[in-house]
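So the structure is just underneath, and the comments pick up after that.
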Amino acid sequence: MEAGFDPDAYWRQTPRLFDISIRARIRVKEQDQQGRAWLAWHIAALPKMKRFPSLKDLLGIKRVVRKQTPDQIEAGLRRLFKMSKADWSARKDQRLKVTRSE
């Protein structure tokens, strides 16, 4: 009863099933305790930090990075260097000529 089980269910279980359910209940309690300890430690440690982490960092949310096509990468580089498509192609052709001559 103290473990949270129905007393009548005890008599319907085999000793093996009862052992499995008790071990599972113990594991859940240990995980709950570890979670509370983790929370307490972080609550105590956060005010001592020089730079407070963002909520996303604390929650462990990862930024989803989408894969880009070569055309998207080229367009991004052109925007970065503020070049038109014609200027970009001219520089690209110039680099190819230098590489081939070496």
Side-chain angles (χ1 to χ4, degrees):
M1 186 109 151
E2 190 176 331
F5 296 113
D6 177 24
D8 294 332
Y10 171 80
W11 297 107
R12 292 189 303 262
Q13 291 183 0
T14 64
R16 181 176 177 269
L17 289 177
F18 182 73
D19 182 57
I20 290 171
S21 58
I22 289 292
R23 288 176 191 268
R25 182 63 60 127
I26 290 169
R27 217 172 315 129
V28 167
K29 295 286 185 183
E30 287 172 349
Q31 289 173 348
D32 288 346
Q33 176 56 30
Q34 287 174 353
R36 286 190 297 272
W38 181 91
L39 181 62
W41 186 89
H42 281 83
I43 288 172
L46 284 173
K48 297 176 184 178
M49 296 180 78
K50 290 180 182 177
R51 186 179 156 269
F52 204 76
S54 70
L55 182 59
K56 286 182 181 180
D57 291 339
L58 281 176
L59 295 176
I61 297 173
K62 304 289 183 202
R63 198 173 126 231
V64 177
V65 179
R66 292 180 292 165
K67 293 188 179 191
Q68 293 182 324
T69 64
D71 292 335
Q72 290 172 328
I73 294 171
E74 183 179 314
L77 288 171
R78 282 197 332 261
R79 278 194 307 272
L80 179 68
F81 295 114
K82 297 178 182 161
M83 298 175 79
S84 68
K85 193 166 187 162
D87 292 340
W88 182 265
S89 296
R91 284 202 59 155
K92 187 176 176 183
D93 292 340
Q94 185 181 21
R95 283 189 309 249
L96 288 175
K97 288 178 186 175
V98 171
T99 307
R100 288 182 186 156
S101 66
E102 291 176 354

Could you measure the distance from the [atom1] atom of [X] to the [atom2] atom of [Y]? Nearest 0.5 Å is fine.
X   : Y   : atom1 : atom2 : result
D19 : Q13 : CG    : CD    : 10.5 Å
T14 : I20 : OG1   : CD1   : 7.5 Å
D57 : K62 : CG    : NZ    : 8.5 Å

>> Show the nearest heavy-atom pair for residues Q72 and K67, with the distance to one decimal.
In response: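 Closest approach of Q72 to K67, heavy atoms only: OE1-O, 4.1 Å.
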Single-linkage hydrophobic cluster I22~W11, side-chain heavy atoms < 4.5 angstrom: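 In one cluster: yes.
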Transitive ILVMFWY side-chain link I43 to M49, under 4.5 Å: no
Note to self: Heavy-atom count check: over 12 atoms from other residues, nucleotides or ligands less than 6.0 Å from R16 CZ?
What the structure shows: no
